[in-house]
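Worksheet for the structure shown next.
Every number for a ligand or one of its atoms is a count from 1 in the order of the listing. Sequence positions, counted from 1, serve as the residue numbers for this chain.
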Amino acid sequence: MVDIKRSLSILFFCFCSTIASRAQDSLITDIPGRQTISLNGSWQYIMDPYETGFYDYRYKELAQNTPAAYWSSDVPANKSDLKEFGYTDKYTLQVPGDWNHQYPKFQYYEGTVWYKKSFDYHIKSKNDKVYLYFGAVNYRADVYLNGKKLGMHVGGFTPFNFEIPKGLLKSKNNYLVVRVNNNRHKDDVPTLNTDWWNYGGITRNVCLVELPNLFIRDYFIHLKKGKLGTVPASKNADIIGWINLNRTPETQEKIAIEIPELNFKKEFSTSQKKVAVNFNLPKIQLWSPEHPKLYRIIISTKNDRIVDKIGFRTVEAYSKQVLLNGKPIFMRGISIHEEIPQEERRAYSEKDAEQLLSQAKELDCNMVRLAHYPHDETMTRLADSLGILVWSEIPVYWTIDFADKNVYQNAENQLETMITRDHNRASVIIWSVGNETPVSPTRTNFMHALINKAHQMDNTRMVSAALEVNYNSGKKMNVVDDPLGAFVDLVAFNEYLGWYGGSPDKCSTTNWSTIYNKPLFISETGAGAKYGFHADSLTRFSEEYQAWYYKEQIAMLKRMPENWVGMSPWVLADFRSPKRNNPLYQEGWNRKGLFDDKGNKKEAFYILQAYYKSLEEKDLNEK
Ligand code: GCB
C-alpha cells in the first residue's frame with residue numbers, strides 16, 4: 001500500500017513537471033565552445049528596495065510600455081517631462097560579480113537592483129538567430145531589451161537564455177535592462193534558511209550567442225557502459241549518445257563528429273530534431289584522476305560548428321563499491337562553497353576555479369563536493385582537465401516546502417539545467433538532489449521524484465543526496481537508514497560527531513553502518529577553528545580543537561564498514577554566513593574551513609593532508 005502511494009505521488013510530480021510552462025528557452029550548451037559576444041564589464045544600476053521600477057503606487061505590476069518602468073527609456077522626452085529614475089556612470093556594478101562585495105551599502109542588501117547595459121550590434125545575416133545568455137543571476141531575473149520583456153528566470157545558480165525576437169536588436173545603443181531580485185522566500189529553492197551568504201546580482205558571464213537558423217543545441221557523448229562491474233574496452237571503444245538540434249530540419253541534415261587526434265570523422269544524417277549517435281574508436285585513453293585525458297571534439301552541421309573537450313570513462317555503483325573504469329576508487333574529497341573568502345565574494349572565473357581546485361589538490365584530494373548548488377561551468381571544466389572527480393548538487397537544502405508542487409517544479413528545473421549544462425563533463429560522477437532534508441513521506445516522495453528525473457536524463461552517473469543520521473541517540477552503532485537510501489546509488493551522510501553534540505573523544509566508541517547494500521560516503525564532517533587562535537584542545541574554536549576533531553575522526557574511520565568509499569569533509573575554506581555570530585571567533589564566518597579567509601592553513605589541514613597522502617600511497621601500492 002505504501003509503495004502504491006509513493007508511486008502515485010511520483011507520477012503526480014512527474015505530471016506537474018511536464019505541464020508547467022518555462023519562462024526561459026531550452027538551454028544552449030557548450031557556450032565556451034561557441035562564437036559569443038561578451039556583455040561583461042561595467043553595467044549601470046539603480047538600487048530599488050521599494051520596487052518602484054516594477055510596481056505602481058497601488059503595488060500593481062507596471063504595464064510593458066509605462067514610461068515610469070525602469071526598463072523603459074530613462075531620457076525625458078522634453079524638459080518638462082518628469083523622470084524619477086535614470087541610469088548613470090555614477091552608479092556602476094561589475095558583471096559578472098555579486099553586488100555585496102562591490103560597495104559597503106550592498107553588503108547585507110536583499111532586494112531589487114536594476115542593471116542596465118548599452119551596446120552596439122553588427123547584424124550579419126537576417127536568417128541568423130541571436131540569443132542572450134546568462135551564466136547565472138541570483139535569484140530572480142526579469143530581462144528587457146529595448147523596452148520589450150524577453151522573459152524571466154528563477155534559480156540563482158543555473159544558466160538560462162532567451163532568443164531575441166527578429167528586428168528587436170539595433171545596430172546602435174541597444175538598451176538591455178535586468179531586474180535582479182534576491183529576496184528570500186519560503187517557497188524558493190533554496191528557501192529562507194541556509195548557512196551561506198545570499199550574494200545577489202548578475203554573478204556569472206553574460207553574452208550574446210550568434211547562431212544559424214538551424215543549430216546544434218545540445219549533445220551528450222559518452223563511453224558506453226559494459227556489463228556491470230567490467231572494465232570498459234579502450235580498444236574498439238563503443239561511444240554512444242545523441243545530438244539535439246534546435247528544431248526539426250526541413251531536409252535531411254548531415255551532422256559530423258570529428259576527433260582530430262584520433263583521425264576520426266563520422267557523419268550522421270537526420271530528418272529529426274534529435275539524432276542518436278554511436279561509433280567506435282579504435283584505441284582511446286580512458287579519463288581518470290591519474291590520467292585526465294581529454295579529446296578535442298568537433299561537432300558540425302552545414303552552418304554550425306562547436307568545439308569541446310571530452311573525456312571518456314565509466315562510473316558506477318557496483319555492489320558495495322564505486323567503480324571508475326571498472327576499478328574500485330576511494331574518494332579523497334573536500335566540500336567547497338563557491339566563494340573567494342579573501343574578497344568576500346562569489347567565485348566565477350577561471351582564476352577563481354584555479355584557486356579553489358589547487359587548494360583541494362594541495363590537500364591531496366581526488367574529489368570535490370561542489371556544495372550546495374551548481375557552481376560556475378569553469379569549475380567542472382577545470383576539474384575535467386585536472387582530473388578531479390565532482391559531486392554536483394542542487395540547492396534543495398534543509399527545510400524547503402516539500403508539499404508545494406511549484407517548489408518541486410522549480411527544483412526539477414534546476415536539476416534538469418545542471419545536468420544539461422554538464423553532462424559531457426567526465427569529472428562529474430555524482431548528481432546530488434539535496435542536502436540534509438528532514439525525513440517524512442512527503443519529502444521522500446519529492447526527493448524520489450528528483451532521483452528518478454536524474455536517472456531518466458542520465459544513466460551514466462550516480463545519483464545521491466547528503467542524508468542526516470541521528471548520531472546523538474547514545475547508541476554505539478549509528479545506522480544510516482533514511483528511507484531515501486533505497487533510491488540513491490550512493491548512500492551519503494553528514495556527521496559532526498564531536499562538534500555538534502559532545503566532544504571528539506566520542507568518536508572512539510562510535511561505529512557506522514547502513515541498512516543498504518550500497519557504497520557509503522561521508523558527505524560532510526568538520527569542526528570550527530579561528531586561524532591563529534591557540535589553546536588546549538578542549539577549547540572550542542581553537543586550532544587545537546579542530547585538529548583533535550580530525551584526529552579522532554580519522555581514528556574512527558579505520559572502523560568504517562567495507563562499503564565505505566570516501567568522504568568530503570566540511571569544508572575547504574572559511575565562508576561567509578549570517579548565521580555565525582560568535583563575536584570572538586566567527587563574526588559572520590563559518591569557521592570550519594581548513595584554510596582561513598586569508599588562505600592560511602590551519603593545523604587540521606595538515607592532519608587531513610597526511611591522512612589522504614597515506615591513503616593514496618596505500619592505493620598505489622595495491623595497484
Ligand atoms: C551542515 C550543512 C552545511 C553547514 C554545516 C555546518 O550539515 O550541510 O551547509 O554549513 O553543516 O557548518 O554546520
**Item:** Residue pairs fulfilling salt bridge (charged side-chain N to carboxylate O under 4.0 Å, His left out) with at least one residue in residues 495-505, sequence neighbours excluded
**Value:**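 Listed by first then second residue: nothing to list.
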**Prompt:** With sequence neighbours left out, which residue pairs that include part of residues 552-566 fulfil the salt bridge (charged side-chain N to carboxylate O under 4.0 Å, His left out) condition?
**Reply:**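 Passing the test, one end in residues 552-566: Lys320-Glu562.
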**Message:** Ignoring hydrogens and geometry beyond distance, is a side-chain donor-acceptor pair present between Lys361 and Asn366 at under 3.5 Å?
**Reply:**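 The answer is no; no qualifying pair exists.
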**Request:** Could you please provide the protein residues found below 4.0 Å of ligand 1 on a heavy-atom basis, arranged by chain and number?
**Result:** Asp195, His372, Tyr397, Asn435, Glu436, Asn494, Tyr496, Tyr500, Glu524, Trp570, Phe575, Arg580, Asn590, Lys592
**Glu412: which of Ile394, Val407, Leu450 passes side chain to side chain contact (heavy atoms under 4.5 Å, CB included)** =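 Of the listed residues Ile394, Val407, Leu450, the side chain to side chain contact (heavy atoms under 4.5 Å, CB included) partner of Glu412 is Leu450.
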**Prompt:** Can you list the residues that meet the side chain to side chain contact (heavy atoms under 4.5 Å, CB included) rule with Ala317, with sequence neighbours excluded?
**Reply:** Met462, Asp489, Pro519
**Asked** Is a side-chain N or O of Asp458 found less than 3.5 angstrom from the main chain of Ala454, in a donor-acceptor match?
**Response** no
